[in-house]
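Notes follow once the structure below has been shown.
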Amino acid sequence: QVQLVESGGGLVQAGGSLRLSCAASGRTFSHYAMGWFRQAPGKEREFVAAITWSGDSLYYADSVKGRFTISRDNAKNTVYLQMNSLKPEDTAVYYCAADSLDSGSRHAYEYTNWGQGTQVTVSS
């Protein structure tokens, strides 16, 4: 099992930036694809970004493409989500997740391990 802990959330004004981190512990981190998802109040959890274990393949939701960047440092067992040009509609709880099949999937059900989430609030 991989244990995941997110950090870096907070309150930011529209147009600002935040960097989320997700620290992994437990089983080998480097063989897992990692994803970021978010869930706003009253809405379903949605895909944000994913990265395969090698870091060679990156995937983004259309709503964040060009503004968010996912990256990972396997030596530090950490995955990041750099969020720029934030909008009020980016407000949500952000979760990182691990995919043992290393698929970089956009589907939450393919991820086997989840963090507890970190709140991101963007004010207008």
Those residues that, when tested against Y95, pass ring-ring contact (aromatic ring centres under 6.0 Å, His included) (two or more places apart):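 With neighbours one apart ignored, the set is empty.
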
Can any side-chain N or O of [X] pair as donor or acceptor with the backbone N or O of [Y] at less than 3.5 Å?
X	Y	answer
T91	V122	yes
N74	W53	yes
E6	Q116	yes

Contacts of type side chain to side chain donor-acceptor pair (under 3.5 Å), residue [X], not counting sequence neighbours:
X	value
E89	none
S103	D99
D90	R38, R67
Q119	T121

Disulfide bond (SG atoms under 2.5 Å apart) partners of [range], not counting sequence neighbours, each pair once:
range	value
residues 48-82	none
residues 50-124	C22-C96
residues 43-78	none

Please tabulate, one pair per line, all N/O donor-acceptor pairs under 3.5 Å involving side-chain atoms of residues 9-21, not counting sequence neighbours.
unit_1, atom_1, unit_2, atom_2, d
S17, OG, N84, OD1, 2.9

Over all atoms of both residues, closest heavy-atom pair of [X] and [Y]:
X	Y	value
A33	G104	CB-N, 3.6 Å
S71	V79	O-CG2, 3.0 Å
T78	A23	OG1-CA, 4.2 Å

Suppose the criterion is ring pair (Phe, Tyr, Trp, His ring centres under 6.0 Å): which pairs have a residue in residues 101-124, not counting sequence neighbours?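 Listed by first then second residue: F37-Y111, F37-W114, H107-Y109.
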
Out of curiosity, does Y94 fall in the hydrophobic cluster containing Y80 (side-chain heavy atoms, cut-off under 4.5 Å, transitive links)?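 No, it is not one cluster - the side chains of Y80 and Y94 are not joined through contacts under 4.5 Å.
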
Hydrophobic cluster membership, V48 vs L86, 4.5 Å side-chain cutoff: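 Yes, V48 and L86 fall within the same hydrophobic cluster.
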
Pairs where residues 100-111 contributes a residue and the test salt bridge (Lys or Arg N to Asp or Glu O under 4.0 Å) is met, not counting sequence neighbours: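 Sorted result for residues 100-111: empty, none.
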
To the closest 0.5 Å, what do you measure between OG1 (T52) and CE (M34)?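 It comes to 12.0 Å.
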
Pair up each side-chain donor or acceptor in residues 58-66 with any protein partner under 3.5 Å, not counting sequence neighbours, and list the distances.
unit_1, atom_1, unit_2, atom_2, d
Y60, OH, I70, N, 2.9
D62, OD1, K65, NZ, 3.3

